[in-house]
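Structure, as structure tokens:
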Amino acid sequence: MSRDTTLADIQRIFRDAVLGADDAPLSAVLEPGQDAGIAVYRTTVQKSLVKALVTTFPVVQRIIGPKAFNDLAQRFVVTAPPRAAHLSAYGADFANFIVGDSDATARAPYLSGVARLEWARADSYFAADAASLESTRLANFAPDSLEGLILHLHPATRLIVSRFPILRIWEVNQPEVADVPRVEMSEAETVLVTRPGAQVVMRKLTPGDAAFIVALMSGETLGEAAEAALAAQSDFNLQAALEAHFVNATFQDA
Amino acid sequence: MGAIPQTVPAVAGIGLRTPHMVSLAREDGNTALTAPWVEIHSENFLMDGGPRLTLLDAIAARYPVSCHGVGLSLGSAEGLDTAHLTRLKRLFDRVRPALVSEHLAWSVTHGVYLNDLLPLPLTEETLATVSRNVKQAQDFFGRRILMENPSAYVRFAGAIMSEPEFLTRLVEQTGCGLLLDINNVYVSASNSGFDAANYLRSIPAAAVGEIHLAGYEESSAGGAGGARLLIDTHGAYVADPVWDLYAATISRIGPRPTLIEWDADVPELPVLLREAALAQTILDDARLRNSNVA
């Protein structure tokens with residue numbers, strides 16, 4: 001090891017070796033004949049990160065198969081390694097990476113949509129705790145003040161809009177489904193992910209309900225959101241939609 | 001948050017693994033399936049909320065908890081990630097751990113987290129870096145941390161210190177304690193060609209606050225020149241030579257909180273508890289012999 005090689009240099013060289021395939025610069029700062037040892041570190045780093053992605057994106061894996069997923073995840077790992085040491089935060093960019101990965105998108109055009117749904121599930125599962133808004137709380141408001149009410153989404157609520165039926169695709173690609181049925185791909189879906197208890201819940205929203213939630217997310221009042229919902233779907237039933245949102249902990253008790 | 005501040009007794013505990021959390025957290029659970037204390041990987045609990053943290057609260061209300069970090073990267077030349085320090089502190093405030101430990105290793109460079117305990121050249125520059133980082137972490141947490149010896153798969157050219165010498169000086173400079181991983185000593189000794197028993201005799205006994213035991217596996221690819229290459233997989237039973245080194249160490253320095261680490265191919269809880277019971281017999285032997293002498 002040269003006297004001028006600093007610890008920072010060694011760590012940069014090490015990173016390049018374990019994320020890449022070129023051992024030569026690292027070998028130069030080690031004793032001779034350490035290739036097998038370098039391979040242990042490279043394998044651990046890459047395999048453990050791929051495994052973290054398998055845990056978060058099991059349906060993406062099922063859709064394209066273990067071999068193609070492993071290759072895809074490996075490309076992601078070396079291109080976009082984690083920036084935080086808790087791996088529950090790793091994978092937020094996986095869906096975007098899939099969009100730019102020609103092999104993955106050629107296998108299934110809806111793959112990135114499913115990845116966004118799976119990330120939303122993980123993100124919801126690990127989101128902050130907060131009391132959810134119950135229907136009884138709304139009853140305390142005078143009817144004429146309801147229109148101006150602002151409803152805040154619960155920290156664990158996520159909305160995923162896709163031009164593909166991603167929830168249907170997710171459902172038919174569960175491990176217990178032996179024969180994956182044909183799915184009609186022309187149907188767009190908007191899926192609401194919430195965490196009412198210890199489990200994450202996914203619901204496909206009607207066009208009106210989707211417009212309702214989008215409006216609330218952008219800070220509009222209950223009255224304005226209801227108008228947006230009716231504009232998107234003339235038979236939108238506000239009362240029924242709200243009941244389902246209360247049961248599924250969509251809103252936070254602010 | 002029901003966690004009560006506890007100390008970890010000098011008995012054998014187990015690493016807390018996801019498949020065992022529910023049965024260990026249960027109040028009315030099978031009393032045969034309990035452990036005297038448990039150790040978590042801190043990084044598995046740094047999320048903002050949700051069911052996993054709720055379950056951890058139940059565990060922390062029942063058992064003394066040790067928080068074992070794998071991601072603080074105390075060997076990083078670029079210093080520590082304050083966001084990570086802050087998340088760890090939030091976890092410690094929540095579970096009020098009896099022990100906090102980290103590794104003599106690094107995993108972060110240029111802000112990228114490599115998810116492995118990567119090796120450090122044992123030089124004066126590295127000692128200064130690790131010392132500075134350990135002091136910063138201890139100041140931030142307001143408590144002492146235990147530093148664990150890693151398993152090594154490569155040897156740096158020009159390393160000027162032995163690991164026991166490095167750890168001894170780190171203890172002197174920072175006041176940190178040591179988490180002595182006897183399996184790692186055995187694995188590194190075998191891979192790097194030093195004497196494990198001699199290494200263990202050179203460790204400052206008073207600084208050792210905890211001991212780790214785990215299983216290793218042999219790489220099928222082999223090491224340099226066809227030599228054996230052992231890998232610390234945490235996926236097997238503790239090997240006989242490691243038990244021998246453990247018994248000799250406990251006999252010399254006295255009982256210490258001892259942990260069975262098994263986090264790959266995690267077995268059923270009773271298997272883990274049987275390994276802990278084996279360690280406990282060695283701790284009991286040492287205690288008995290000490291009291292006979294007194």
Side-chain angles (χ1 to χ4, degrees), chain A residues 1-3 5-15 18-19 26-49 51-52 77 80-90 122-130 155-156 195 197-200, chain B residues 42-55 69-73 75-78 81 83-84 87-88 106-121 123 125-126 128-130 151-159 191-192 219 221-225 227 229 231:
Chain A
M1 186 160 61
S2 150
R3 274 184 199 288
T5 313
T6 65
L7 183 59
D9 293 334
I10 288 177
Q11 291 178 340
R12 180 177 42 74
I13 290 168
F14 219 107
R15 174 202 64 184
V18 296
L19 290 181
L26 180 55
S27 293
V29 300
L30 300 177
E31 286 183 12
Q34 306 288 299
D35 294 1
I38 297 173
V40 171
Y41 292 112
R42 177 183 293 127
T43 303
T44 306
V45 168
Q46 295 195 11
K47 274 198 176 162
S48 66
L49 293 174
K51 198 173 149 204
V77 162
R83 312 288 302 185
H86 55 298
L87 292 183
S88 49
Y90 189 48
D123 204 26
S124 169
Y125 189 73
F126 295 132
D129 298 303
R195 196 184 71 203
Q199 303 287 334
V200 166
Chain B
S42 306
E43 279 70 16
N44 289 342
F45 297 93
L46 297 186
M47 61 285 296
D48 291 332
R52 200 189 281 179
L53 280 178
T54 307
L55 201 50
V70 294
L72 189 51
S73 193
S76 274
E78 66 197 38
D81 173 4
H84 191 64
R87 281 184 181 268
L88 284 172
W106 69 278
S107 49
V108 177
T109 182
H110 293 71
V112 165
Y113 172 67
L114 294 168
N115 198 38
D116 193 13
L117 300 165
L118 299 170
L120 291 163
T123 62
E125 184 201 4
T126 301
T129 301
V130 178
S151 49
Y153 308 113
V154 294
R155 293 189 300 280
F156 286 96
N191 291 344
S192 303
S219 162
L229 183 66
I231 304 179

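Naming: A, B, ... by sequence-line order, numbering from 1 per chain. Note that this is a predicted model, so its numbers are computed, not measured.
- When heavy atoms are compared at a cutoff of 4.5 Å, A:Ala84 approaches chain B solely by way of its backbone atoms N, CA, C and O.
- Across all non-hydrogen atoms, the minimal contact from A:Ala198 to B:Pro51 is O-CG, 3.3 Å.
- Contact annotation for B:Leu46: both backbone and side-chain heavy atoms come within less than 4.5 Å of a heavy atom of chain A.
- Within the 4.5 angstrom heavy-atom criterion, atoms from both the backbone and the side chain of B:Thr126 approach chain A.
- Note: A:Phe14 and B:Trp106 have perpendicular aromatic rings, judged against thresholds of 30 and 60 degrees for the angle between ring planes.
- Screening B:Leu120, B:Val130, B:Thr109 for a side chain to side chain contact (heavy atoms under 4.5 Å, CB included) involving A:Leu7 leaves a single residue, B:Leu120.
- A 4.5 Å side-chain heavy-atom check between B:Leu114 and A:Tyr41 finds every atom pair outside the cut-off.
- Of all heavy-atom pairs between B:Phe156 and A:Leu30, the closest is CD2-CD2, 3.5 Å.
- With a 4.5 Å cut-off on non-hydrogen atoms, B:Ser151 touches chain A through its backbone but not through its side chain.
- Within the 4.5 Å cutoff, the side chain of B:Arg155 has heavy atoms near those of the A:Gln34 side chain.
- A pairwise comparison of heavy atoms in A:Ser48 and B:Asn115 identifies OG-ND2, 2.7 Å as the closest pair.
- Between chain B and the options A:Ala89, A:Ala128, A:Ser88, heavy-atom pairs under 4.5 Å are most frequent for A:Ala128.
- When each of B:Ser107, B:Ser76, B:Pro119 is scored by its heavy-atom pairs under 4.5 Å with chain A, the top score falls to B:Pro119.
- Taking each heavy atom of A:Gln11 and B:Ala77 in turn, the nearest pair found is OE1-N, 2.9 Å.
- The heavy-atom pair separating B:Gly49 from A:Arg195 by the smallest distance is C-NH1, 4.2 Å.
- The part of A:Val18 that comes within reach of chain B is its side chain, from C-beta onward, which places non-hydrogen atoms under 4.5 angstrom from that chain.
- With chain B as the partner, the residue from A:Pro81, A:Ala8, A:Ala127 showing the most heavy-atom pairs under 4.5 Å is A:Ala127.
- How far OH of A:Tyr125 is from CZ of B:Arg52: 6.5 Å, rounded to the nearest 0.5 Å.
- With chain B as partner, the option from A:Leu87, A:Asp35, A:Val200 having the largest number of non-hydrogen pairs under 4.5 angstrom is A:Leu87.
- Side-chain contact check for B:Asp48 versus A:Pro155: every heavy-atom pair is 4.5 Å or farther apart.
- When the candidates A:Gly33, A:Gly37, A:Ala36, A:Pro82 are compared by the number of heavy-atom contacts under 4.5 Å with chain B, A:Pro82 comes out ahead.
- Of the atoms belonging to B:His110, heavy atoms from both backbone and side chain fall under 4.5 Å from chain A.
- For the pair B:Val112 and A:Arg83, the minimum side-chain heavy-atom distance is below 4.5 Å.
- Residue with the most contacts toward chain A among B:Ala152, B:Ser219, B:Gly75: B:Gly75 (heavy-atom pairs, distance under 4.5 Å).
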